[in-house]
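Have a look at the structure below before the remarks.
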Protein chains: 2
Amino acid sequence: MLQLRDLPTPAILDKFVQRYPDADVTAVVTFLHLLRAGTDLSFALDAYLQQHALLQGRWWVLILLMRESSNTAAPSVLADKAGVSRATMTGLIDGLERDGLVERVPDPEDRRRLAIQLTAAGQAKLDEVMPDYYRRVRQLMQPLSESERKVFIELLDKIQAGASSLSAPL
Amino acid sequence: MLQLRDLPTPAILDKFVQRYPDADVTAVVTFLHLLRAGTDLSFALDAYLQQHALLQGRWWVLILLMRESSNTAAPSVLADKAGVSRATMTGLIDGLERDGLVERVPDPEDRRRLAIQLTAAGQAKLDEVMPDYYRRVRQLMQPLSESERKVFIELLDKIQAGASSLSAPL
DNA sequence: AATTATTTGTTAGTTGACTAATCATGTCAA
DNA sequence: TTGACATGATTAGTCAACTAACAAATAATT
């Protein structure tokens, strides 16, 4: 991903509008602000997780496992929920298993299947990271009141509803 | 980057709050919505650009060059503004130059320096992509009124102000 | 003036994503 | 019941990002 640093100035926007009259200035500015905020937060989250020898992908796997009542899930389910390919999930599980945070458990019913199990060490790693993570997220959102958060999420959802049409073939 | 598909249900959030009482539910929910919207838009943008044989990184370089009155910039400046390393920028420029969209121009004053110059083909590529891109962004933001856009950006900026502290060492 | 430090861009090697192909297993239908 | 197809996970190979080390050129220092 790209971390846009430099939002366009009004003068630059004007230059682009001159050449491309279809541009809607406030739409573009809003879009770019959102893109930048998203990537900045994602980078910051990665930087935080690296202090605990985790990356975003591996961290999400642990969380997804902890969400399950059995603390297990199939690799393909994890891949879907984390939004990565199965091949990528194989790699993530390799790393987590090497560090002893998860275990591959064969399925006695169907020998193609695996259950990925969160180990005690994996749970301990979450217990180490999550409280501080939650404190930081609380801090981050401090400036927004409860009602502002509600409004913000509503606006986000309105935008996101059309996200896929951004790339639709026509 | 990771594309989170599966936001936590209230039941899951409750489980996590039980174990980690520091969690602020609306803060986490807001944070995750924002993260997801950002990554979804970024993925959609990439998917769109790929239809034009561009990737986000290469596209931004072309835009950054068009922003300049001379249509040129130094590789290091481009790297800073695009938020990538100088090594990555070397690679991006390699690809763009191979496709004839930019040119490396030696600096007569200082023989370490280069100017990256947008070519006519590069400008033509932008002219091909940008009008449709702007129409799509306009469409995406259609659901938000002007005043909603204003509020939205203000809220985004409030959050982003604390983004770096998310990863600060203590 | 000569040495040291800094700056600019590139190269080399690593990482973690991806797609496509593969292997093993399971399912279904003629 | 066996041949064709489907499914789950892995392997192989590619791509674009990164860091670290580098060469060349310029600037600063003594």
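Lettering follows sequence order; numbering is per chain, from 1. This is a predicted model, so every value here is computed, not measured.
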How many whole angstroms separate atom [atom1] of [X] from atom [atom2] of [N]?
| X | N | atom1 | atom2 | value |
| --- | --- | --- | --- | --- |
| B/L49 | D/dC15 | CG | P | 19 Å |
| A/Q50 | D/dC18 | CD | C1' | 10 Å |
| B/R58 | D/dA16 | CZ | P | 8 Å |
| B/D110 | D/dA24 | CG | P | 15 Å |
| B/E109 | C/dT8 | CD | P | 15 Å |
| B/L55 | D/dT14 | CG | P | 18 Å |
| A/L92 | D/dT10 | CG | P | 12 Å |
| B/M89 | C/dG9 | CE | P | 11 Å |

Could you please name the option among C/dT10, D/dC18, D/dA9 that lies closest to any side-chain atom of B/S85?
D/dC18

Considering only heavy side-chain atoms of B/A87, the closest of C/dT8, D/dA20, D/dT10 is D/dA20

List in numerical order all residues of residues 62-69 of chain B for which some heavy atom is under 4.0 Å away from an atom belonging to DNA chain C.
none

Other residues, nucleotides, ligands: >12 heavy atoms within 6.0 Å of A/E146 CD
yes

Between B/S42 and B/T39: side-chain donor-acceptor atoms closer than 3.5 Å
no

A/D127 and A/Q123: side chain donor to acceptor below 3.5 Å
yes

Hey, does the side chain of [X] come within less than 4.0 Å of [N]'s phosphate (OP1/OP2), counting only N and O?
| X | N | value |
| --- | --- | --- |
| B/S76 | C/dT8 | no |
| B/T88 | D/dA16 | no |
| A/T90 | D/dT10 | yes |

side-chain hydrogen bond (donor to acceptor under 3.5 Å, both in side chains) for B/R149 and A/T30? Distances and angles first, verdict last.
CA-CA 6 Å; B/R149 294 175 190 188; A/T30 308; 5.1 Å; no

Any residue meeting salt bridge (Lys or Arg N to Asp or Glu O under 4.0 Å) with A/R112, in chain and number order, not counting sequence neighbours:
A/D110

If you look only at distance, which donor and acceptor atoms sit under 3.5 Å apart when one is on a side chain in residues 151-163 of chain A and the other is two or more places apart or in another chain?
| unit_1 | atom_1 | unit_2 | atom_2 | d |
| --- | --- | --- | --- | --- |
| A/K158 | NZ | B/E148 | OE2 | 3.1 |
| A/Q160 | NE2 | B/D40 | OD2 | 2.6 |

Comparing A/R111 and A/R86 on DNA chain C - which has the more 5′ nearest nucleotide
A/R86

Decide yes or no, distance alone: a donor-acceptor N/O pair under 3.5 angstrom between the base of C/dT7 and the side-chain of B/R112.
yes

Could you walk me through whether A/R136 and A/D132 satisfy the salt bridge (charged side-chain N to carboxylate O under 4.0 Å, His left out) test, starting with their C-alpha distance in whole Å, then the side-chain angles of each, then the deciding distance to 0.1 Å, before giving a yes or no?
CA-CA 6 Å; A/R136 286 165 185 264; A/D132 185 39; 3.0 Å; yes

